[in-house]
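The figures here come from the full heavy-atom set of this structure, side chains too, leaving out hydrogens, waters and symmetry mates. Letters A, B, ... mirror the listed sequences (proteins, then strands); counts begin at 1.
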2 protein chains.
Amino acid sequence: MAKRVSHKDSLCGVARPLDAIGDWWSLLIVRDAFDGLRRFGEFQKSLGLAKNILSARLRNLVAHGILDTVPASDGSPYQEYVLTQKGLGLFPLLVALRQWGEDFFFQPDEPHVMLVDRKTNQPVRRLELRAQDGRMLMAEDTVVVAPPESGSR
Amino acid sequence: MAKRVSHKDSLCGVARPLDAIGDWWSLLIVRDAFDGLRRFGEFQKSLGLAKNILSARLRNLVAHGILDTVPASDGSPYQEYVLTQKGLGLFPLLVALRQWGEDFFFQPDEPHVMLVDRKTNQPVRRLELRAQDGRMLMAEDTVVVAPPESGSR
DNA sequence: AAATCATGGTTTCAAATTAAAACCACATAT
DNA sequence: ATATGTGGTTTTAATTTGAAACCATGATTT
């Protein structure tokens, strides 16, 4: 189950999160969790994946602290799966994924679901990466830099 | 190779992009491409994945229009893999992933690579989702809504 | 009380995918 | 002529997946 996603023994800042999420199914589960789904059966119906796989994915997400199990809210003797803070932290990633999807996977006139501001019912703005001083940054305007070498080596 | 990621025949706005990317390896390839890698061998050395898998992933990314192959820039008789516009569009997603990783996968004092503004060498700002009017939005402040039913049914 | 049903899983097993290694083709260098 | 580097493909075994069957628990019907 602990599939190594990189040959380096310490996973980098991108690979480490990927490793925790596990796979695409897991991300769809998380998305459904953002949509308010909490029960095993709800996820299964929504995603249509095999129960054993769902079971494994939920277990993995819980193990990685993305979901947490809580004793059912409605008296039923089962448990529910809810997003932790860590899980909630995936929101921007899901938005990024959705916006990319809107940009490149739909015809300009093709109808698709939209993420809207609850208060105004307006679609949300696009995610934008900005510098400290507020300038918008494209990919070419950035570099990944190594952490400053600590003194001991 | 066309693995169905959802039981619904039309994939939703999140599942469709996931389906195109393919798997985690592909996303790491894309990240390396953002870092300037272009050659088969570079990707293989950087990621340490089996050559047949890399081959398949590259092919898939090209098939989905995320990478494009161009005749080698340096005279060598090989080809190079470069990001298309669609591929470049994945930048925010990678940033989101990286920031989530920084938030939850490193000790507060653990050193890690950083994404910085080329011009100032300052770390970039956090991605923030905002409403049209500029208010910052948390997950709970948003909903996903279905497209307006077109008249014909 | 007994039988039935709903939920939330686990187990079993066949099929698909992945990974490691060997192999190959082409070009350049020695 | 031989070796070496690049960019793959093929072969084969191991792992993962997914469908279906099974099971346990509690609630519901008869």
Side-chain angles (χ1 to χ4, degrees), chain A residues 1-9 11 15 18-29 32-33 36-64 67-82, chain B residues 1-9 11 15 18-29 32-33 36-64 67-82:
Chain A
M1 171 151 290
K3 177 167 48 179
R4 208 58 313 162
V5 84
S6 165
H7 63 132
K8 316 255 176 64
D9 39 340
L11 270 48
L18 286 179
D19 192 52
I21 297 174
D23 73 347
W24 288 157
W25 281 124
S26 302
L27 205 51
L28 290 174
I29 292 170
D32 276 357
L37 271 54
R38 309 167 67 103
R39 298 286 282 256
F40 187 96
E42 291 181 312
F43 292 116
Q44 214 236 319
K45 185 146 61 110
S46 162
L47 299 172
L49 83 177
K51 296 205 290 178
N52 53 348
I53 304 297
L54 176 56
S55 184
R57 293 302 173 272
L58 287 172
R59 204 170 326 138
N60 186 73
L61 288 170
V62 169
H64 280 89
L67 293 181
D68 201 2
T69 52
V70 302
S73 55
D74 67 338
S76 61
Y78 304 114
Q79 54 184 352
E80 301 186 344
Y81 299 89
V82 299
Chain B
M1 170 150 290
K3 179 168 47 180
R4 205 64 308 164
V5 86
S6 165
H7 64 282
K8 315 256 176 65
D9 38 342
L11 271 48
L18 286 179
D19 193 52
I21 297 173
D23 72 349
W24 287 156
W25 281 123
S26 302
L27 205 51
L28 290 174
I29 292 170
D32 277 357
L37 272 53
R38 309 166 66 99
R39 298 286 282 255
F40 187 96
E42 292 180 312
F43 292 117
Q44 214 237 320
K45 185 146 60 111
S46 162
L47 298 173
L49 82 177
K51 296 205 289 176
N52 51 351
I53 303 297
L54 176 57
S55 183
R57 292 302 171 272
L58 287 172
R59 209 175 352 213
N60 185 242
L61 287 169
V62 169
H64 280 90
L67 293 180
D68 202 1
T69 52
V70 303
S73 54
D74 69 337
S76 62
Y78 305 114
Q79 53 184 355
E80 300 185 344
Y81 299 89
V82 300

Return no unless some side-chain N or O of B/Arg59 is found under 4.0 Å from OP1 or OP2 of D/dT9.
-> yes

Whole angstrom is fine here: how far is it from CD in A/Glu42 over to C1' in C/dA6?
-> 14 Å

Below 4.0 angstrom from OP1 or OP2 of D/dG18, is there any side-chain N or O of A/Trp25?
-> yes

Contact under 4.0 Å: A/Arg39 side-chain N or O vs C/dT7 OP1/OP2 = no

Residue whose closest nucleotide on DNA chain C lies nearer the 5' end, A/Gln79 versus B/Gly75 | A/Gln79

Rounded off to whole Å, could you give me the CD1-to-P distance for the B/Ile53 and D/dG8 pair?
-> 15 Å

With sequence neighbours left out, what residues match B/Arg38 under side-chain hydrogen bond (donor to acceptor under 3.5 Å, both in side chains)?
-> B/Glu80

Between the protein and nucleotides 20-26 of chain C, list the N/O to N/O atom pairs that are separated by less than 3.5 angstrom.
{"from": "C/dA20", "atom 1": "N6", "to": "B/Asn52", "atom 2": "ND2", "distance (Å)": "2.4"}

Rounded distance in Å - CG (B/Leu58) to C1' (D/dG8) | 11 Å

Sorted by chain and number, sequence neighbours left out, salt bridge (charged side-chain N to carboxylate O under 4.0 Å, His left out) with A/Asp23 holds for A/Arg57

Flag, side chain of A/Trp24 to backbone of B/Gly22, donor-acceptor distance under 3.5 Å | yes

Let me know the distance between CD of A/Gln44 and P of C/dT10, rounded to the nearest Å.
-> 13 Å

Residues 68-78 of chain A vs salt bridge (Lys or Arg N to Asp or Glu O under 4.0 Å), sequence neighbours excluded, gives A/Arg39-A/Asp74

B/Lys45 NZ - D/dG7 C1' separation (whole Å) | 15 Å

Quick one: list whatever passes side-chain hydrogen bond (donor to acceptor under 3.5 Å, both in side chains) with A/Ser55, sequence neighbours left out.
-> A/Arg59

B/Tyr81 side chain: which of D/dG8, C/dT10, C/dA19 is closest?
-> D/dG8

Would you mind telling me which residue lines up with the more 5' stretch of DNA chain D, A/Pro77 or B/Phe40, judged by nearest nucleotide?
-> B/Phe40

Would you indicate, yes or no, if C/dG9 has its OP1 or OP2 atom less than 4.0 angstrom from a side-chain nitrogen or oxygen of A/Ser55?
-> no

Rounded distance in Å - CZ (A/Phe43) to P (C/dG9) = 11 Å

Closest contact, heavy atoms only, B/Phe43 versus B/Ala33 = CE2-N, 3.8 Å

Where is the tightest heavy-atom contact between A/Leu61 and A/Ile29, given as atom of each residue plus distance?
-> CD1-CG2, 3.9 Å

Which whole-number value in Å describes the distance from A/Asp74 CG to D/dA27 P?
-> 12 Å

Starting at atom CG of A/Leu54, determine the distance to atom C1' of D/dA19, rounded to an integer number of angstrom.
-> 14 Å

